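The next block holds one structure in the form of structure tokens; read it before the comments.
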Amino acid sequence: MAEKGSFDIKVGLAEMLKGGVIMDVMNDEQAKIAEDAGAVAVMALERIPALIREEGGIARASDPEMIRAIQSAVSLPVMAKVRIGHFAEAQILEAMEVDFVDESEVLTPADEHNHIWKHDYKVPFVCGCRNLGEALRRIGEGATMIRTKGEAGSGNIVEAVRHMRQVQSDMKKLTVMDQDELMAVAKEMGAPFELVEQVAKLGKLPVPNFAAGGIATPADASLMMQLGAETVFVGSGIFMSDDPAPRAKAIVNAVTYYKDPKKLAEISSGLQSAMKGLDMSEIPEGERLQERGW
Amino acid sequence: MNVFRNGVGKAQGLLNKMIGVLALQGDYERHSHILDLLQLQSMEIRYPDELGMIHGLVIPGGESTTMTDLMDRNGFYKPIRKFAKDHPILGTCAGLIMMATSVPNSRVEPLGILNIEVDRNAYGRQVHSFTDQLPVRLDGRETQVSSTFIRAPKITRIEAGIEVICEYKGNPVAVKQGLHMGLSFHPELDNVTLFHDFIFNKQLDNKLSPKFHAA
């Protein structure tokens with residue numbers, strides 16, 4: 001009998017997305033631009049994070065009709081976001097056969113204590129993190145892809161760098177610890193012991209580790225890949241810029257050639273202005289999306 | 001860097017045999033891992049002139065529209081087609097799509113290495129992805145292997161010269177033509193070494209292929 005929806009099968013799709021760029025799109029036209037530019041997947045959402053930040057209000061899962069329009073416009077995997085803890089939104093997206101669900105801090109949380117129990121779904125989930133403990137809690141709940149949170153919609157790479165460096169350094173520390181230190185670390189991190197033990201052995205997460213939140217240029221993409229990301233999400237960075245199509249293409253190429261500065265210089269040449277972006281001091285602490293998630 | 005990752009001494013068969021894994025996008029690390037398990041030296045291929053350093057090539061799983069784009073922009077079509085004339089290529093999933101002769105999607109430009117038509121994502125979206133046991137006829141015997149299909153492509157037409165080595169529910173899912181092999185599924189996700197071993201050890205050692213020069 002064929003087996004469906006196992007943890008490994010869900011990780012399998014995340015493996016296929018490696019070395020690629022996942023792009024936020026708000027309608028089928030943008031989805032086609034993303035596909036033409038070489039995106040490996042699109043994230044369907046009604047408002048990209050920069051607009052959510054600008055317009056305020058409650059950000060919810062997208063209209064099913066809009067997601068369907070995108071599903072029929074492109075042949076790529078289609079992802080969509082649900083509010084943290086909103087398992088009914090997740091059930092709906094699974095019924096629509098969305099390829100990946102992002103339980104995302106970009107939307108307004110529905111539950112301030114619990115995340116979704118993601119093992120129950122055939123559809124794979126991705127979740128954001130700021131450190132290893134958070135990443136392992138999400139994997140423990142069944143996430144099969146992890147991304148840094150960064151600060152969505154800021155166009156500022158500083159938080160994504162902070163979170164990727166934190167996760168990498170947390171992992172490095174585990175690899176040099178003795179077995180009898182791991183339980184205390186697990187307690188301190190608030191992470192499942194078995195996963196802490198696994199990371200100590202592997203030196204990396206047991207699922208693909210992607211970067212998100214503030215990527216706006218080919219150089220940003222290269223930076224995150226060199227810091228250990230295996231793929232990048234670009235949210236507002238493409239469609240808030242002056243030149244979405246060429247910028248999207250350039251970032252796709254930059255992820256493949258992230259270790260080649262000469263090629264990156266070529267790739268980065270001739271682009272128009274990137275999105276303006278926000279300094280972190282312009283985002284009051286209570287309005288930082290990365291604080292959401294527990 | 002993966003060049004000489006196993007050290008020169010460990011390579012089996014052909015002296016200094018090097019296998020390339022196309023690393024433009026996709027699960028190329030999983031394929032490198034399979035080659036490691038077989039103690040084959042491998043390197044990631046990101047530039048066309050690197051084809052001159054290898055004796056066989058893997059085109060991994062990933063997104064075929066993305067691969068089309070990156071292969072086109074970085075000048076891979078002509079050199080890979082030339083390489084395929086006397087060197088083996090193994091493609092899985094998106095790799096199979098890229099090796100086909102015909103793909104009914106204007107965004108994908110296949111290489112025309114395997115005489116087949118392939119329909120993308122024909123086994124359905126991710127919630128329909130699956131793992132199953134399949135009987136594979138290779139090297140004069142039948143072997144059961146675990147196979148994972150991720151948004152898998154379907155081989156919809158087979159032309160002259162194609163040998164079907166595995167079927168699933170009446171559809172061909174693994175084919176061979178000359179030196180080359182294409183699979184709808186991902187042996188690299190289940191740590192199955194059978195296909196890489198056949199193509200890059202048994203078959204390649206028999207052939208003793210001369211080193212290829214892209215120029």
Side-chain angles (χ1 to χ4, degrees), chain A residues 1-6 8-22 32 34-42 71 74-79 93-101 121-124 144 204 208 230-231 248-250 252-253 255-260 263 266-267, chain B residues 1 22-31 44 46-47 60-74 92-94 97 103-108 119-121 123-134 146-153 168-169 185-186 188-191:
Chain A
M1 255 312 272
E3 186 189 14
K4 289 185 182 183
S6 71
D8 287 344
I9 291 171
K10 292 190 274 191
V11 170
L13 180 56
E15 291 284 344
M16 298 312 140
L17 302 174
K18 279 188 178 174
V21 181
I22 300 163
K32 283 183 200 155
E35 188 173 51
D36 282 340
V40 287
V42 292
Q71 283 175 319
V74 296
S75 62
L76 298 174
V78 175
M79 303 186 168
L93 291 187
E94 181 176 57
M96 292 180 64
E97 302 194 353
V98 157
D99 293 293
F100 234 105
V101 174
Y121 295 76
K122 281 202 174 93
V123 63
T144 49
K204 55 187 285 231
E230 295 170 304
T231 281
K249 273 186 184 248
V252 168
N253 225 4
V255 167
T256 299
Y257 294 100
Y258 71 95
K259 285 184 285 196
D260 182 345
K263 184 118 182 168
E266 210 179 284
I267 291 167
Chain B
M1 290 300 282
L22 192 65
L24 297 176
Q25 189 274 319
D27 72 335
Y28 48 85
E29 282 176 358
R30 290 289 187 117
H31 282 282
E44 293 179 354
R46 287 193 176 81
Y47 303 90
E63 275 304 313
S64 52
T65 48
T66 305
M67 284 190 202
T68 293
D69 200 57
L70 287 165
M71 279 176 43
D72 182 36
R73 260 191 273 172
N74 298 293
T92 65
C93 198
I97 298 169
V103 178
N105 180 311
S106 61
R107 284 187 170 86
V108 176
D119 193 7
R120 300 172 64 226
N121 311 329
Y123 287 92
R125 297 185 188 279
Q126 174 62 13
V127 291
H128 302 292
S129 292
F130 61 94
T131 300
D132 212 340
Q133 299 296 313
L134 299 185
S146 184
S147 313
T148 297
F149 292 72
I150 304 285
R151 288 172 44 94
Y168 184 70
K169 296 188 173 168
F185 51 90
H186 296 282
E188 73 277 14
L189 290 181
D190 292 294
N191 286 335

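The structure displayed is predicted, hence computed values, not measured ones. Sequence lines set the chain letters: A, B, ... in the order given, protein chains first and strands last, and positions in each chain run from 1.
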Relative to chain A, which segment of [X] carries a heavy atom at a distance below 4.5 Å: side chain, backbone, both, or neither?
X	result
B/Phe149	neither
B/Asp69	side chain
B/Ala94	neither
B/Leu24	both

What pair of heavy atoms forms the shortest contact from A/Leu13 to B/Arg151, and how long is it?
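So the two residues come closest at CD1-CD, 3.9 Å.
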[X] vs [Y] side-chain heavy atoms within contact, under 4.5 Å:
X	Y	result
A/Asp99	A/Met79	no
A/Met96	B/Arg125	no
B/Phe185	B/Leu134	yes
A/Phe100	A/Ile22	no

Which value, rounded to the nearest 0.5 Å, describes the distance between B/His128 atom NE2 and B/Tyr123 atom OH?
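Answer for the NE2-OH pair, B/His128 versus B/Tyr123, is 14.0 Å.
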Approximate separation, where rounding is to 0.5 Å, of B/Leu189 CG and A/Met16 CE:
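Here the rounded value is 4.0 Å.
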Taking side chain as everything from C-beta outward and backbone as N, CA, C, O, which of these in [X] sits under 4.5 Å from a heavy atom of chain B? Side chain, backbone, both or neither.
X	answer
A/Lys249	both
A/Glu230	side chain
A/Asp36	both
A/Ala14	neither
A/Ala37	backbone
A/Val21	neither

Options [options], ranked by heavy-atom pairs under 4.5 Å with chain A, top entry:
options	result
B/Val108, B/Asn121, B/Thr131	B/Thr131
B/Asn74, B/Thr68, B/Asp27, B/Asp190	B/Asn74
B/Arg30, B/Arg73, B/Glu188, B/Met67	B/Arg73

Closer than 4.0 angstrom, basic N to acidic O: yes or no for A/Lys18 and A/Glu15?
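Yes, this pair counts.
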Ionic contact status for B/Arg120 with B/Glu63, cut-off 4.0 Å:
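Salt bridge flag = yes for B/Arg120 with B/Glu63.
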Select, from [options], the one with the greatest count of heavy-atom pairs under 4.5 Å involving chain B.
options	result
A/Glu3, A/Lys122, A/Met1, A/Lys263	A/Glu3
A/Thr256, A/Val98, A/Leu17	A/Thr256
A/Val11, A/Val255, A/Val252	A/Val252
A/Val78, A/Leu76, A/Thr231	A/Leu76
A/Ser6, A/Gly38, A/Pro77	A/Pro77

Of all residues at least two apart in sequence or in a different chain, which pass the ring-ring contact (aromatic ring centres under 6.0 Å, His included) check with B/His31?
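B/His31 satisfies ring-ring contact (aromatic ring centres under 6.0 Å, His included) with B/His196 once adjacent residues are dropped.
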What about the rings of B/Phe130 and B/Tyr168, do their centers lie closer together than 6.0 Å?
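Under 6.0 Å, so yes.
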